[in-house]
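I have placed the structure first, in the form of structure tokens, so that the comments after it can refer back to it.
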Amino acid sequence: MSDYRRITIAKAGEHTGEPVEIAGWLYNLRKSGKIIFPLIRDGSGTIQCVGVKSALPEDLFEALKNLTQESSVIIRGKIRAEARAQGGFEMDIEGAEIVQRVPEETPYPITPKEHGTEFLFDHRHLHLRSRRQHAVLKIRHEIIKAIRDYFDSNDFTLVDCPIFTPAACEGTTTLFEVNYFDEEKVYLTQSGQLYNEATAMAFGKTYCFGPTFRAEKSKTRRHLTEFWMVEPEMAYATLDDVKRVAEELIVFMVGRVLENRKTELATLERDLTKLEAIKGPFPRISYDDAVEILKKKGSEIVWGGDFGGTDETLLSEEFDRPVMVDRYPTEVKAFYFETDPNRPEVALGVDVIASEGYGEVIGGGQRVHSYDTLLERIKAHNLPEEAFQWYLDLRRYGSVPHAGFGMGVERAVAWLCGLEHIRETIAFPRMLYRTRP
RNA sequence: UCCUCAGUAGCUCAAUGGUAGAGCAUUCGGCUGUUAACCGAAGGGUUGUAGGUUCGAGUCCUACCUGAGGAGCCA
């Protein structure tokens with residue numbers, strides 16, 4: 001038994017001819033009388049094994065031949081290059097150990113045929129084992145790693161923000177309320193931004209990376225109630241810095257995925273030319289320009305309104321890469337946005353609209369840094385002044401121009417993977433009508 | 001919250017108002033190169049729930065439940 005060295009399927013090609021073992025699960029089994037083809041997956045990949053009756057003990061051959069889908073099994077044998085096999089390699093079975101056999105009375109529910117979304121997401125804990133979902137989550141991991149590598153290597157310090165917050169960050173969106181020891185109400189964070197402004201004044205450049213929550217009853221392919229967001233914030237920075245960093249981040253992220261996740265992109269049948277087109281510089285247009293473009297394309301948008309999902313799609317059709325839209329009407333942006341000194345009616349904010357109709361992936365801009373202006377805004381938005389004293393402190397003690405943005409991780413994943421729906425981009429999605437499993 | 005569509009076997013779906021069916025999965029049998037393998041056989045149903053119309057309802061009507069897509073809102 002110890003003669004067989006444990007390897008992962010991903011590295012099978014490096015061990016041809018050696019006695020090795022693979023510990024995994026039965027993904028599928030094709031059999032033909034005296035020869036069987038178990039397809040084994042181990043989390044790193046899948047490989048077809050070949051078992052010949054004459055070469056194996058009778059009881060082992062029969063046990064493998066009758067093995068049920070997703071039974072856990074350790075296969076021992078030798079790897080061989082095989083032109084007919086999918087990954088280019090096959091394993092000839094010399095021995096095996098069945099770790100747990102899935103009973104036939106309770107067969108694995110997800111068969112190799114089609115299923116509906118309700119069924120699949122009710123069985124999400126098992127659905128994750130299938131090839132497509134595995135590929136999506138591998139790419140998600142790559143994207144998250146790229147994001148962290150980008151910020152870490154550009155002098156940003158990770159300072160995470162609280163999940164429990166005492167009040168609304170932006171005053172507009174609906175929050176999840178939590179009973180906090182029956183003493184007071186707290187809310188699940190919808191953004192770490194206000195806290196980021198504090199940490200940026202302490203560290204210069206910071207970012208937070210964590211889950212955020214929105215209690216809006218959005219029921220579309222672009223929304224989750226719990227999603228992950230990365231939010232950088234920079235002291236002594238302006239709107240232009242936000243655009244530069246956002247562009248660099250996206251280009252870096254896409255590069256990493258193209259470099260390291262070719263296999264997964266192929267599994268998803270992603271059009272690579274669309275990803276390869278995502279290079280700097282991204283087109284930069286103003287909100288005014290965007291409205292003109294949309295009007296020409298038949299949208300009913302009027303100056304002063306925010307873009308709907310359809311508008312974002314129409315806009316993205318004009319470009320082969322993400323487009324940056326800046327200087328939105330102050331009215332549609334949150335209270336903390338700095339206004340353009342030359343045009344007080346527009347805010348120094350920018351949205352990055354992803355290509356191929358994937359919508360807004362990044363939103364951010366320059367923050368108000370004058371104490372008086374911020375106080376005015378808080379009053380104008382009917383926000384509780386008391387709760388914002390600490391935030392006002394940031395303008396009392398060494399206030400500087402500063403800026404930052406937030407990127408929705410799931411939207412980025414859906415975009416780079418080319419997915420129809422955001423629910424596949426996270427292991428256990430939380431949506432309007434789904435909190436299980 | 002609003003609009004639209006859909007709920008039939010474990011799963012994916014069929015069935016003009018007239019005897020509820022197929023493929024996959026499961027069980028049994030066959031096959032030494034299969035690629036969502038294939039071939040033969042068997043078991044498997046309170047047609048989402050509650051009413052109603054009708055000689056007769058999976059099918060038509062009403063309400064409710066569940067889900068999907070979209071709108072608004074948002075990343």
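Both backbone and side-chain heavy atoms feed into the values below; hydrogens, waters and symmetry mates do not. Here is the naming used below: chain letters follow the sequence lines, and residue numbers restart at 1 for every chain.
- Counting only heavy atoms from C-beta on, A:Glu118 has its side chain closest to B:rU66 among B:rU66, B:rA71, B:rU1.
- Distances shorter than 4.0 Å separate some side-chain N or O of A:Lys219 from OP1 or OP2 on B:rA68.
- Nucleotide B:rG21 forms a pair with B:rC13, judged by Watson-Crick or G-U wobble geometry with both contacts under 3.5 Å.
- With a cut-off of 3.5 Å on both pairing distances, B:rU59 has no Watson-Crick or G-U wobble partner at all.
- The CG atom of A:Asp42 lies 9.0 Å from the CD1 atom of A:Ile47; values are rounded to the nearest 0.5 Å.
- Two residues, A:Pro109 and A:Phe227, neighbour RNA chain B, and the one matched to the more 5' nucleotide by heavy-atom proximity is A:Pro109.
- Of the nucleotides present, none pairs with B:rU46 by Watson-Crick or G-U wobble criteria with both distances under 3.5 Å.
- Taking a cutoff of 4.0 Å between a charged side-chain nitrogen and a carboxylate oxygen, A:Arg270 and A:Glu264 do not qualify as a salt bridge.
- A:Arg131 comes within 4.0 angstrom of nothing in the nucleic acid, heavy atoms only.
- Between A:Arg434 and B:rU66 there is no side-chain polar atom (N or O) within less than 4.0 angstrom of OP1 or OP2.
- Between A:Tyr391 and A:Phe388, the angle of the ring planes goes over 60°, which puts this pair in the perpendicular group of the 30/60° scheme.
- The side chain of A:Lys31 lies closest to B:rC31 when the candidates are B:rU12, B:rC73, B:rC31.
- Closest contact between the side chain of A:Glu216 and the listed nucleotides B:rC73, B:rU1, B:rU34 involves B:rC73.
- Residue-level contact check: A:Thr212 touches neither bases nor backbone, having no heavy atom under 4.0 Å from any strand.
- A donor-acceptor contact under 3.5 angstrom links the side-chain atoms of A:Glu90 to the base of B:rG33.
- Straight-line distance from the NZ atom of A:Lys65 to the C1' atom of B:rU32: 11 Å, rounded to whole Å.
- Across the interface with RNA chain B, nearest-nucleotide mapping of A:Leu29 and A:Val52 shows A:Val52 to be the residue nearer the 5′ end.
- Counting any heavy atom pair closer than 4.0 Å across all strands shown, A:Asn28 reaches sugar-phosphate atoms only and no base atom.
- Taking only distance into account, the side chain of A:Gln48 meets the base of B:rU34 through a donor-acceptor pair shorter than 3.5 Å.
- Comment: A:Glu216 does not engage A:Arg214 in a salt bridge, judged by the lack of any side-chain N to carboxylate O separation of less than 4.0 angstrom.
- The side chain to side chain donor-acceptor pair (under 3.5 Å) analysis of residues 321-332 of chain A, with sequence neighbours excluded, yields the pairs A:Lys243-A:Asp326, A:Arg327-A:Asp340, A:Tyr328-A:Asp351.
- As judged by a 4.0 angstrom heavy-atom cut-off over every strand, A:Leu39 is placed among residues making no nucleic acid contact.
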Walk me through whether A:Ile40 and A:Tyr27 qualify under side-chain contact (heavy atoms from CB on, under 4.5 Å). CA-CA 5 Å; A:Ile40 304 290; A:Tyr27 196 74; over 6 Å; no
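- Side chain of A:Phe119, nearest nucleotide from B:rC11, B:rU32, B:rG33: B:rC11.
- When heavy atoms are screened at a 4.0 angstrom cut-off, A:Tyr433 is found touching the sugar-phosphate backbone but no base atom.
- Across all strands, A:Gly359 comes closer than 4.0 Å to no nucleic acid atom at all (heavy-atom distances).
- Donor-acceptor pairing under 3.5 Å, judged by distance alone, is present between the side chain of A:His223 and the base of B:rC74.
- Rounded to whole Å, the distance from CD1 on A:Ile301 to C1' on B:rA71 is 15 Å.
- Side-chain atoms of A:Arg30 lie closest to B:rU34 of the nucleotides B:rG33, B:rU34, B:rU32.
- Using the Watson-Crick or G-U wobble rule with both distances under 3.5 Å, B:rA68 pairs with B:rU4.
- Residue A:Gly408 is out of contact with every strand shown, counting any heavy-atom pair closer than 4.0 Å.
- Look at the P atom in both B:rG33 and B:rG48: the space between them is 46 Å, to the nearest Å.
- Checking B:rC74, B:rG72, B:rA68 against every side-chain atom of A:Thr117, the shortest atom distance belongs to B:rA68.
- Here B:rA41 sits opposite B:rU27 as a Watson-Crick or G-U wobble pair (both hydrogen-bonding atom distances under 3.5 Å).
- Using a 4.0 Å heavy-atom distance criterion, A:Val361 is classed as a sugar-phosphate-only contact.
- Checked for salt-bridge contact, A:Glu248 and A:Arg244 meet the test: a charged N lies under 4.0 Å from a carboxylate O.
- Look at A:Thr111 and you won't find any side-chain N or O under 4.0 angstrom from OP1 or OP2 of B:rG23.
- Between the NE2 atom of A:His115 and the C1' atom of B:rC13 there is a distance of 13 Å, rounded to whole Å.
- With 3.5 Å as the limit, one finds no donor-acceptor pair spanning the side chains of A:Arg84 and A:Gln48.
- Protein atom CZ of A:Arg214 is 16 Å distant from nucleotide atom C1' of B:rG72, rounded to whole Å.
- Nearest nucleotide to the A:Arg221 side chain, out of B:rU32, B:rU34, B:rG70: B:rG70.
- Within the 4.0 angstrom heavy-atom criterion, no nucleotide atom of any strand lies near A:Thr106.
- A close approach under 4.0 Å does occur between a side-chain nitrogen or oxygen of A:His421 and OP1 or OP2 of B:rG69.
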